Amino acid sequence: MSHTLYEAAIVRVQRCELAVPGSNPGMFEKAMKSGADFVFLDLEDAVAPDDKLSARRNVIEALNDLDWRAHGVTISVRINGLDTQYMVRDVVDLIEKAGDRIDTLLVPKVGVYADVYMVEAMLNQLEMQQGLKSRIGVEALIETALGMANVDDIARNGAHGRLEALHFGVADYAASNRARTTNIGGLNPDYPGDQWHYAISRMTVACRAYGLRPIDGPFGDIKDPDGYRLAAKRAAALGCEGKWAIHPSQISLANDVFTPPATEVEKAQRILAALEEAAAQGKGAAALDGRLIDAASARMANNVVKMSEAIGARG
């Protein structure tokens with residue numbers, strides 16, 4: 001193992017992240033009680049320009065009036081992009097008026113680490129100004145060609161600050177790359193396989209190298225649960241910890257895919273027990289169910305057990 005190690009910035013259960021438009025306050029309480037691990041109230045793409053200011057007011061009111069944490073929900077807000085007139089006031093108003101109620105800010109269309117740094121610098125000053133005791137995390141959307149080209153640098157530098165997770169924003173990523181598709185997260189039948197495999201894998205490797213959580217983004221066809229489930233399974237196979245839901249019907253699908261099955265947890269526990277017994281006998285490896293297991297097996301098994309424990313602790 002390398003002497004250079006980046007521990008996980010912060011551990012959070014994030015199997016499903018429900019997106020809720022800030023311009024639709026009627027959805028807020030339902031989202032809080034939906035069973036999603038994460039909810040992000042959206043001020044960006046889901047909100048029309050004429051509704052930006054009222055959406056911000058709606059979100060601040062919802063943060064203060066609803067007890068998200070009591071319902072086991074990690075609450076996030078997706079702010080507007082750094083290239084807009086709304087972003088600065090988003091951050092200032094959110095922190096000044098509801099900073100103690102926010103767990104993370106989700107920054108869209110991050111292209112370079114400096115984008116993250118700007119938000120972090122604002123948070124540092126605003127938290128001191130408001131005397132906030134809890135530290136607000138930052139999550140970044142990788143959804144442009146520039147962001148993917150710089151994903152390693154974003155993850156590496158962000159790991160020293162507030163950055164907790166990277167999200168793959170498939171729709172804007174497709175647009176940025178001029179990909180031949182109009183489906184959000186769906187597969188292109190003209191491509192021999194999964195055209196999103198490389199991007200998700202690259203982002204996930206950057207996350208795992210520097211202690212961040214990799215999260216897959218949206219799947220647009222809410223009438224195709226099988227397609228959603230398959231997309232979630234592909235993301236999970238690559239190492240993602242969760243996936244967005246843009247409709248309540250997708251929440252249970254994500255929770256199911258990203259929760260280790262009982263049989264998988266039981267096998268992982270057996271692997272750890274077998275290796276512990278082997279170690280007591282001075283052996284570095286063991287056989288289980290006719291297969292060799294060793295220290296690498298223990299690391300994989302530990303991942304499964306720890307995730308299961310974290311989900312169980314969330315209740």
Side-chain angles (χ1 to χ4, degrees), residues 13-48 51 55 58-59 62 71 73-76 78 106 108-109 141-144 167-201 203-204 214-261 311:
V13 176
Q14 199 165 357
R15 296 167 298 175
C16 179
E17 179 141 359
L18 179 63
V20 183
S23 53
N24 194 344
M27 296 175 62
F28 294 165
E29 187 169 1
K30 294 177 182 177
M32 183 179 67
K33 299 176 180 179
S34 67
D37 297 324
F38 257 71
V39 170
F40 79 80
L41 305 179
D42 193 13
L43 299 178
E44 198 221 10
D45 277 358
V47 178
D51 294 331
N58 293 340
V59 166
H71 286 79
V73 175
T74 302
I75 187 68
S76 180
R78 178 163 70 167
L106 179 58
K109 299 177 181 65
L141 261 162
I142 305 300
E143 51 184 339
T144 64
H167 298 237
F168 178 54
V170 64
D172 278 300
Y173 183 77
S176 178
N177 280 282
R178 300 186 184 181
R180 296 286 294 272
T181 182
T182 55
N183 295 323
I184 298 177
L187 298 183
N188 186 334
D190 295 328
Y191 187 85
D194 180 358
Q195 72 267 37
W196 314 122
H197 175 277
Y198 168 77
I200 296 175
S201 183
M203 186 195 77
T204 299
I215 306 298
D216 190 22
F219 184 87
D221 190 348
I222 61 175
K223 296 182 179 180
D224 184 10
D226 292 337
Y228 181 95
R229 184 182 292 275
L230 288 173
K233 285 184 175 180
R234 290 194 299 271
L238 291 172
C240 286
E241 292 192 16
K243 184 171 178 58
W244 287 18
I246 61 170
H247 188 271
S249 65
Q250 295 177 335
I251 296 171
S252 61
L253 300 175
N255 285 345
D256 181 57
V257 170
F258 291 97
T259 299
I311 292 169

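The structure presented is a predicted model; accordingly, all values stated were derived computationally and were not measured.
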Can you give me the closest heavy-atom contact between [X] and [Y], atom names plus distance?
| X | Y | result |
| --- | --- | --- |
| Thr204 | Cys240 | OG1-SG, 3.7 Å |
| Met203 | Ile215 | CE-O, 3.7 Å |
| Phe168 | Asp216 | CD2-OD1, 3.7 Å |
| Val73 | Ala36 | CG2-O, 3.9 Å |
| Gly22 | Pro25 | O-CD, 4.4 Å |
| Phe219 | Gln250 | O-NE2, 3.1 Å |

For residues [X] and [Y], determine if any side-chain heavy atom of one lies less than 4.5 Å from a side-chain heavy atom of the other.
| X | Y | answer |
| --- | --- | --- |
| Lys109 | Leu141 | no |
| Arg15 | Thr259 | yes |
| Asp37 | Asn255 | yes |
| Ile222 | Ile246 | yes |

TODO: Not counting sequence neighbours, which residues clear side chain to side chain contact (heavy atoms under 4.5 Å, CB included) with Asp256? List them please.
DONE: Arg229
Quick one: pull up [atom1] in [X] and [atom2] in [Y] and give me the separation to the nearest 0.5 Å.
| X | Y | atom1 | atom2 | answer |
| --- | --- | --- | --- | --- |
| Phe40 | Trp244 | CZ | CH2 | 4.0 Å |
| Glu17 | Glu241 | CD | CD | 12.0 Å |
| Trp196 | Leu238 | CH2 | CG | 14.5 Å |
| Asp224 | Ser249 | CG | OG | 10.5 Å |
| Asp226 | Leu253 | CG | CG | 8.5 Å |
| Tyr191 | Thr181 | OH | OG1 | 13.0 Å |

Open item on the list: Between Leu106 and Glu44, is the side chain to side chain contact (heavy atoms under 4.5 Å, CB included) condition met? List the steps.
Closed with: CA-CA 10 Å; Leu106 179 58; Glu44 198 221 10; over 6 Å; no
TODO: Please assess Tyr173 against Ile142 for the test side chain to side chain contact (heavy atoms under 4.5 Å, CB included), listing each intermediate value before the final yes or no.
DONE: CA-CA 8 Å; Tyr173 183 77; Ile142 305 300; 5.7 Å; no
Open item on the list: Keeping Ser201 on the side-chain end and Tyr198 on the backbone end, is there a donor-acceptor pair under 3.5 Å?
Closed with: no
- [ ] Could you note down all residue pairs passing salt bridge (charged side-chain N to carboxylate O under 4.0 Å, His left out) where residues 182-199 supplies at least one of them, sequence neighbours left out?
- [x] Asp194-Arg234
